[in-house]
Amino acid sequence: FFFKQKTAYEISLGLVGSEMSIRDRNNYSRKTPNTGVPVIENVCHHLAQRVAELHVTKSSRPKVVLVGRGKYNPIHKMHLRHFVIARQFLEERTRFSVLGGLLVPKHATDVRQRCRTRPQEIITPRHRLAMVRAAVGGSPWLTVDSWEITRRRVLDYLSTLDHIRQLFEQRFPDLMAPVRFVLLVAPDQLLQLNLGELKDAGHECITICRPQEHKRLLRQMGNRWRNVAHVVEDNALLSVELESCCSSKIRHALMSGDFDAIATNVPGATLDYIKYHRLAQKMSGIQDWTRWDKDFAYSLGLTLLSLFVD
């Protein structure tokens, strides 16, 4: 149940590092219209074409959707890289056919707990959600589910997976077999999951490890996680900047105004968004957060939030 990743994913890294960023940057000046389209349609829009393609090919492989919950405070290229690697592993090394991937920004409570001693590093929910949408851009298989971040209270991963399952059952009632969901988690979070509850719900999980992590994790897991957890070793040769990439380092660079230090680690459209809304200046205290920055609609999540203010 583990997989050793070679250097082939440098091609995939190029996708998330250049193609998506170029596409997003080209669309940056266009406002996202406040169309009032229900969240269920927003989330499934990109995946509907993939479902139609599988109907045409009459593929008998079980269909899965990758679900990655994260604080995304802010999102960076390693987040996207993990989705690409997980997809390729599931397509090539398992019986699954991947319909797509959902990025699920976590509730503000999770971010506040993580940054409770460093509140200046907290990026507001409105901007975290918008940055993830900017990073995904026009991807044909990745999209963003805003359900969890727009709830009035924090939710656990099983509640989110149940929501997404209901979403797909409503949107694609004619699928011959139900869609399964694979939760993409960080290596240090995998053993915190409830194995029994995952099995009972019919979910699986996957984690992407760098070489120094995977042996330790496999020793800790033993055999009881077999057929539930997929452990993928990513031992591709990465740049020093990408190897050490993490959200906390990006936040520190933003607060010091060092945009050059993060230019290779943050999707181009996301970095443009940060500059456009002067998030670095607001995090460092040079400029105050506005009411618009802080206001967020904890509603039923039935409307799209505009990426840009009028």
Side-chain angles (χ1 to χ4, degrees), residues 1-5 9 12 43-44 46-47 50-51 54 59-72 78-106 141-145 147-148 155-172 175-210 213-234:
F1 62 110
F2 86 96
F3 170 71
K4 183 166 288 190
Q5 153 61 13
Y9 290 117
S12 298
V43 172
C44 295
H46 288 94
L47 306 182
R50 174 68 170 153
V51 171
L54 291 178
S59 172
S60 61
R61 300 177 67 182
K63 300 166 183 62
V64 301
V65 172
L66 276 167
V67 179
R69 300 168 67 240
K71 301 178 185 67
Y72 303 129
M78 287 299 283
H79 291 132
L80 302 178
R81 177 182 173 82
H82 288 172
F83 268 91
V84 173
I85 294 175
R87 179 195 186 187
Q88 189 164 349
F89 167 77
L90 292 173
E91 290 274 7
E92 295 181 357
R93 299 300 183 103
T94 74
R95 66 192 188 281
F96 294 135
S97 176
V98 179
L99 287 176
L102 296 182
L103 285 80
V104 183
K106 288 185 177 181
W141 72 283
L142 288 176
T143 189
V144 182
D145 184 1
W147 187 77
E148 185 171 339
L155 300 171
D156 62 23
Y157 62 93
L158 288 172
S159 297
T160 298
L161 290 173
D162 287 343
H163 152 72
I164 296 172
R165 189 206 301 273
Q166 294 174 12
L167 182 154
F168 273 79
E169 289 175 351
Q170 295 173 40
R171 180 62 176 83
F172 305 114
L175 286 178
M176 298 297 293
V179 175
R180 296 170 64 93
F181 300 95
V182 178
L183 184 66
L184 176 60
V185 297
D188 60 351
Q189 297 174 354
L190 188 145
L191 294 178
Q192 299 175 19
L193 303 178
N194 188 307
L195 177 59
E197 290 179 340
L198 280 175
K199 283 184 176 180
D200 292 343
H203 302 309
E204 299 185 21
C205 57
I206 187 169
T207 189
I208 314 300
C209 300
R210 294 299 289 165
E213 299 172 309
H214 91 283
K215 290 183 180 179
R216 172 187 56 79
L217 182 58
L218 290 174
R219 286 196 302 268
Q220 293 175 335
M221 292 172 63
N223 292 325
R224 64 192 184 95
W225 285 86
R226 189 177 295 274
N227 300 323
V228 178
H230 306 275
V231 180
V232 184
E233 182 187 3
D234 172 18

S.K.: For F96, give me all partners under ring pair (Phe, Tyr, Trp, His ring centres under 6.0 Å), at least two apart in sequence or on another chain.
M.R.: none
S.K.: Side chains of W147 and V104: closer than 4.5 Å at any heavy-atom pair?
M.R.: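 W147 vs V104: side chains apart.
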S.K.: Could you note down all residue pairs passing side-chain hydrogen bond (donor to acceptor under 3.5 Å, both in side chains) where residues 178-201 supplies at least one of them, sequence neighbours left out?
M.R.: R180-E204
S.K.: Roughly how far, to the nearest 0.5 Å, is CZ of F83 from CG of L103?
M.R.: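 These two atoms lie 4.0 Å from each other.
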S.K.: Check step by step if side chain to side chain contact (heavy atoms under 4.5 Å, CB included) holds for V67 and H203.
M.R.: CA-CA 11 Å; V67 179; H203 302 309; over 6 Å; no
S.K.: Between atom CG of L161 and atom CG of L198, what is the distance when rounded to the nearest 0.5 Å?
M.R.: 7.5 Å
S.K.: To the nearest 0.5 Å, what is the distance between CE (M221) and CZ (R226)?
M.R.: 9.5 Å
S.K.: Can you find a heavy atom in the side chain of L191 that is under 4.5 Å from one in the side chain of L217?
M.R.: yes
S.K.: Do you know the tightest heavy-atom contact between R165 and A201?
M.R.: NH2-O, 2.6 Å
S.K.: Test of understanding: with side-chain contact (heavy atoms from CB on, under 4.5 Å), list the residues that count as partners of R216, not counting sequence neighbours.
M.R.: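 Partners of R216 under the side-chain contact (heavy atoms from CB on, under 4.5 Å) test: E213, R219, Q220.
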S.K.: Does the R210 side chain pair with the main chain of D234, one donor and one acceptor, at a distance under 3.5 Å?
M.R.: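 Judged by distance alone, yes, a pair lies under 3.5 Å.
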S.K.: Could you go step by step and tell me if M78 and R81 meet the side chain to side chain contact (heavy atoms under 4.5 Å, CB included) rule?
M.R.: CA-CA 5 Å; M78 287 299 283; R81 177 182 173 82; 3.6 Å; yes
S.K.: Any side-chain heavy-atom pair from K71 and K106 closer than 4.5 angstrom?
M.R.: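 Contact flag for K71/K106 side chains = yes.
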S.K.: Can you find a side-chain donor-acceptor pair between D156 and S159 that sits under 3.5 Å?
M.R.: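 Yes.
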S.K.: With side chain to side chain contact (heavy atoms under 4.5 Å, CB included) as the test, would you mind laying out the steps for V228 and L193 before giving the verdict?
M.R.: CA-CA 11 Å; V228 178; L193 303 178; over 6 Å; no
S.K.: Where do R61 and T94 come nearest, in terms of heavy atoms and distance?
M.R.: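 In this case the closest contact between R61 and T94 is NH2-O, 3.1 Å.
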S.K.: Between CH2 of W225 and CG of L218, what distance do you get to the nearest 0.5 Å?
M.R.: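 One gets 12.5 Å once the value is rounded to the nearest 0.5 Å.
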S.K.: For L155 and R69, work out which heavy atoms get closest and say how close.
M.R.: O-NH2, 3.3 Å
S.K.: Kindly give the heavy-atom pair with the smallest separation between F168 and V179, and that separation in Å.
M.R.: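 Closest approach of F168 to V179, heavy atoms only: CD2-CG2, 4.4 Å.
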S.K.: Report the C-alpha distance between Y157 and V185 in whole Å, list the side-chain angles of each, state the deciding distance to 0.1 Å, and finish with yes or no for side chain to side chain contact (heavy atoms under 4.5 Å, CB included).
M.R.: CA-CA 10 Å; Y157 62 93; V185 297; over 6 Å; no
S.K.: Check whether any side-chain heavy atom of L66 lies under 4.5 Å from a side-chain heavy atom of L90, and answer yes or no.
M.R.: yes
S.K.: Are any non-hydrogen side-chain atoms of E91 and S97 less than 4.5 angstrom apart?
M.R.: yes
S.K.: Taking all non-hydrogen atoms of both residues into account, name the closest pair between Y72 and P105 and its distance.
M.R.: CD1-CA, 3.8 Å
S.K.: Could you give the distance from CG (L167) to OG1 (T160), rounded to the nearest 0.5 Å?
M.R.: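 If we round to the nearest 0.5 Å, L167:CG and T160:OG1 are 12.0 Å apart.
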S.K.: Could you tell me which non-hydrogen atom of A186 sits nearest to which non-hydrogen atom of T207, and how far apart they are?
M.R.: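 That closest heavy-atom pairing would be C-OG1, 3.3 Å.
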